[in-house]
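Below you'll find the structure, written out as structure tokens, and then a few comments.
Since the model is a prediction, treat every value here as computed from it, not as a measurement. Below, each value reflects all heavy atoms present in this structure, side chains not excepted, and no hydrogens, waters or symmetry copies. In the text below, chain A, chain B and the rest are named by the order of the sequence lines, each starting its count at 1.
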There are 2 protein chains.
Amino acid sequence: MIFNMKRADAATELSVLVDYLQGRDLKMTRPRQTVLEVFLGIEAHVTAEELYDAVRKVDPSIGQATVFRTVRLLEEAGLARSACRDDGARSYEHAYRHKHHDHLVCVDCGAIVEFREAEIERAQAAVYRKHGFEATGHSLELFGRCPACRRKGGTRA
Amino acid sequence: MIFNMKRADAATELSVLVDYLQGRDLKMTRPRQTVLEVFLGIEAHVTAEELYDAVRKVDPSIGQATVFRTVRLLEEAGLARSACRDDGARSYEHAYRHKHHDHLVCVDCGAIVEFREAEIERAQAAVYRKHGFEATGHSLELFGRCPACRRKGGTRA
DNA sequence: GATATATTGATAACCATTATCATTTGACGG
DNA sequence: CCGTCAAATGATAATGGTTATCAATATATC
Ligand SMILES: [Mn+2]
Ligand SMILES: [Mn+2]
Ligand SMILES: [Zn+2]
Ligand SMILES: [Zn+2]
């Protein structure tokens, strides 16, 4: 038996993972639980590498490959959502009990603001209909300069 | 002197490139012109690698590094636009005298349909305003199944 | 044409990610 | 509990797309 969560509210995510593993001949393991816990503790968009750095601080014995594998597993299980950033790196964010949203990204400081705009979603549905496509998902990123960076007039790096 | 275009209408793109090079201590070269011509002859979204394959058929002496370098140059000069695909590869498309548009992507066959939706653009502008961001650009991809693939009920690969 | 400098192509290096594989671990039945 | 066995692990090598290095070459200007 492995369980024994620290964050009370993370129990349900863990059960989602366990349910996903069940019947698939996959096993619940200590490294997987640690990766899940660390991931749930991060309220941001992280790459697998960044997640690995955070995981190491909790359990240095966990290998990089396991973190990469597990975060993919979390995505399959519906606990994480990933997207390929414009620089080519893949980032992950929480997906369980998180509503769909898109992102405003500051090109100067990298800040990310999440937003939902019903009108955009509606217009997208219309585009799908017009072209006879069946929707499976979309990615929208609005690039720009955030209020703080506009004030500074900065041009990072 | 290098010039001597085959496609009559490509002359203006070439002059855009030459103008960009001028005053920047950059030089117009035969490989650059070849890469530009081949690129202009492809009405699709291509990776640098795919462009390299096409360039080789015209001039096998041109190296891969030069194609990668040149296509980046074309982007800087405003002749190409690039985007990172979800699989991590970067693809390029024509940007000169091409209006902004977004993409519908078939997840089964990879087909790409370009579209412009004024309503989406308007709603995006509203999001920028609401959050005090200064817009610099955006990327929107609608993933789905195209009409042909829906009929086949296919699930590629 | 000679000169100075940018460009080239072959190659090595890079980075994020994935595959390989011997060893360890967890789930299950006894 | 313990044994069994497939699944998981971590170290490492390999991959794919891209960029850096560098000696040789081509270009613009004089
Ligand atoms: Mn988000
Ligand atoms: Mn396009
Ligand atoms: Zn900012
Ligand atoms: Zn299709």
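Of the residues in residues 77-95 of chain B, B:Ala89, B:Arg90 come within less than 4.0 Å of DNA chain D through at least one heavy atom, sorted by number.
When distances run from any side-chain atom of A:Leu26 to the nucleotides D:dA7, C:dT18, D:dT21, the shortest one goes to D:dA7.
In this structure, the ring of B:Phe115 has its center no less than 6.0 angstrom from the ring center of B:His103.
Rounded to whole Å, atom P of C:dA16 lies 14 Å from atom CG of A:Leu51. Summarising the geometry, the separation between CE on A:Met28 and P on C:dC28 is reported as 14 Å, rounded to the nearest angstrom. Rounded to an integer number of Å, the gap from A:Ile62 CD1 to C:dT24 P is 17 Å. Nucleotide D:dT9 holds its P atom 9 Å from the CG atom of A:Leu73, rounded to whole Å. Between the CD atom of A:Gln22 and the P atom of C:dG26 there is a distance of 16 Å, rounded to whole Å. Atom pair A:Asp59:CG and C:dT25:P shows a separation of 12 Å (rounding to whole Å applied). For A:Arg69 and D:dA7, the CZ to P distance is 14 Å, given to the nearest whole Å. Taking atom CZ on A:Arg24 and atom C1' on D:dA8, their separation rounds to 17 Å, with Å as the unit.
Remark: the A:Arg32 side chain and the C:dG26 base include no donor-acceptor N/O pair separated by less than 3.5 Å. B:Lys27 contributes no side-chain N or O that forms a donor-acceptor pair with the base of D:dA26 under 3.5 Å.
OP1 or OP2 of C:dG26 has not a single side-chain nitrogen or oxygen of A:Thr29 nearer than 4.0 Å. The phosphate of D:dA26 has neither OP1 nor OP2 within less than 4.0 Å of any side-chain N or O from B:Arg30.
In this structure, a donor-acceptor pair under 3.5 Å is present between the side chains of B:Gln64 and B:Glu49.
Comparing B:Gln64 and B:Leu21, the nucleotide of DNA chain C nearest to each residue sits closer to the 5' end for B:Leu21. Remark on DNA chain D: of its neighbouring residues B:Phe68 and A:Gly63, the 5'-side contact belongs to A:Gly63, judged by nearest-heavy-atom nucleotide.
Applying the salt bridge (charged side-chain N to carboxylate O under 4.0 Å, His left out) rule to B:Arg90 yields the partners A:Asp86; only residues at least two apart in sequence or on another chain are considered.
Across all strands, B:Arg72 comes closer than 4.0 Å only to sugar-phosphate atoms, never to a base (heavy-atom distances). Across all strands, B:Ser61 comes closer than 4.0 Å only to sugar-phosphate atoms, never to a base (heavy-atom distances).
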message: What verdict does the salt bridge (charged side-chain N to carboxylate O under 4.0 Å, His left out) test give for A:Glu141 and A:Arg85, after you've listed the backbone C-alpha separation in whole Å, the side-chain angles of each residue and the deciding distance to 0.1 Å?
response: CA-CA 9 Å; A:Glu141 283 187 313; A:Arg85 292 191 315 210; over 6 Å; no
- request: Would you please test B:Arg122 and A:Glu119 for salt bridge (charged side-chain N to carboxylate O under 4.0 Å, His left out) and show each step?
  value: CA-CA 10 Å; B:Arg122 228 177 296 128; A:Glu119 192 151 338; 5.4 Å; no
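Exactly one residue among A:Glu114, A:His138, A:Arg116 makes a side-chain hydrogen bond (donor to acceptor under 3.5 Å, both in side chains) with A:His100. That residue is A:His138.
Residues B:His98 and B:Glu93 form no side-chain contact, since every pair of their non-hydrogen atoms from C-beta on lies 4.5 Å or further apart.
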